[in-house]
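Counting from 1, the numbers follow the sequence of the chain as shown.
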Amino acid sequence: MRHLLVLVTALLVLSTSVASASPDPYAPVNRPGPRLSVPIAQLEATVKCTPSAYGSHREVALFVPGTGVEPDEAFSWNWFRALDAIGHPYCSVALPASSVGDVQVSAEYVVHAIRHTRAISRGKIAVIGHSQGGVSSRFALRFWPDTRAMVADHVGLAAVNHGSDQNDALYPDGNGPAFALQLKRSAKFVEAVNSRQETFPGIAYTSLSTVNDQFVTPKGTTDLRGATHISLQDVCPENKSDHITIGTSDNLAFALTMNAITRRGPATPADLPASVCAQDLMPGADPATVTADLTAFLETAMNRIATAPVSAAEPALKPYVFARG
């Protein structure tokens, strides 16, 4: 019996030491990022900035659109109008194939956009990403660490940070758009972007979500370790925003985002006046056209998703993602 106990103890010690010695397969967080594979002229053509962004002392906002839409389709009828009205500088980046392809490639465009926006401004910038845009920008920050010193704020508007179980249900065996397979809860891409640490010092992360999200489920998948998580219904219980409107027309999401990027630190709901809950539409969104604008947004995105090339499996992770890459 004594010999058996000794053997069991030895096996437990061995298994524990092996487990603790097993290296994380993903790249160290401070290893320099790889050279961008997309030609520089192609990258430069995708970034647009307001004249006020050049030499600005204010935190220039860089908008990263979600799946299936171009920056103007997502932000020109709402955010851009609102920021133009108050003179706040901003840039946007158009992602390849309207973000229905490999998110790793989209992230390279975001890397360039961050570097460009920081280079033309006089201070750190804010990155604002809706849906997939919230996670493609985080992938950029994770695997190109030089970009972190350029960013003061990261605001995710219903970002697909830990995937969505809807994608797992729709594409259990692959055969779907590349981005959808990468944003499954079980995807290797999701594992990679969240590897080692999910947030980085020096960046104030604000993660906004809504209980009415019809695409990113279950509740809590937008949350990040080290971020400030705010459900819009915790601030305004009657808030009706869903996955689309939280990033395009919701007044509370706009107010929280502006609070985050115009002060130090993440968004603080206590800073907002109680009247913020009384208004549904953000500044810039036209009450007379917002229904048509939202319909056009959704139809455009769904059409591009429906006609996107089909992948048999999740795109392979790039070599630089791995510790041995």
So, does [X] use its side chain to make a donor-acceptor pair with the main chain of [Y] at under 3.5 Å?
X    : Y    : result
D286 : W77  : no
Q104 : K318 : yes
W79  : G247 : yes
N167 : L183 : yes
S92  : P71  : no

So how far is it from [X] [atom1] to [Y] [atom2], rounded to the nearest 0.5 Å?
X    : Y    : atom1 : atom2 : value
R185 : H162 : CZ    : NE2   : 8.0 Å
I305 : T307 : CD1   : OG1   : 9.0 Å
D223 : E198 : CG    : CD    : 9.5 Å
L62  : I261 : CG    : CD1   : 11.0 Å
Y171 : N175 : OH    : CG    : 10.5 Å
F139 : E108 : CZ    : CD    : 9.0 Å

Got a sec, which pairs hit side chain to side chain donor-acceptor pair (under 3.5 Å) with one end in residues 125-140, sequence neighbours left out?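 Listed by first then second residue: T67-Q132, S131-H243, S137-H154, R138-N161, R138-N194.
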Taking atom NZ of K124 as the centre, report whether more than 12 heavy atoms of other residues, nucleotides or ligands fall under 6.0 Å from it.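 Buried by this count: over 12 neighbours within 6.0 Å.
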More than 12 heavy atoms of other groups within 6.0 Å of E238 CD: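 Count not over threshold, so no.
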Is there a donor in the side chain of [X] and an acceptor in the side chain of [Y], or the other way round, less than 3.5 Å apart?
X    : Y    : answer
S186 : D168 : yes
R148 : N30  : yes
R58  : S121 : no
E59  : T262 : no

Between F75 and Y90, is the gap from one ring center to the other below 6.0 Å?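 Not close enough - the centres of the two rings lie 6.0 Å or further apart.
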Is the distance from the ring center of Y205 to that of F200 below 6.0 Å?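 No; F200 has its ring centre 6.0 Å or more from that of Y205.
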Would K184 and D165 count as a salt bridge (Lys or Arg N to Asp or Glu O under 4.0 Å) if you check the C-alpha gap in whole Å, the side-chain angles of each, and the deciding distance to 0.1 Å? CA-CA 6 Å; K184 296 167 68 171; D165 60 4; over 6 Å; no
Under the criterion side-chain hydrogen bond (donor to acceptor under 3.5 Å, both in side chains), I'd like the reasoning laid out for D242 against T245: C-alpha separation, chi angles, the key distance, then a yes or no. CA-CA 5 Å; D242 62 10; T245 57; 3.0 Å; yes
Give the C-alpha distance, both sets of side-chain angles, the deciding distance and a yes or no for salt bridge (Lys or Arg N to Asp or Glu O under 4.0 Å) between D271 and R263. CA-CA 11 Å; D271 289 348; R263 57 182 291 281; 3.2 Å; yes
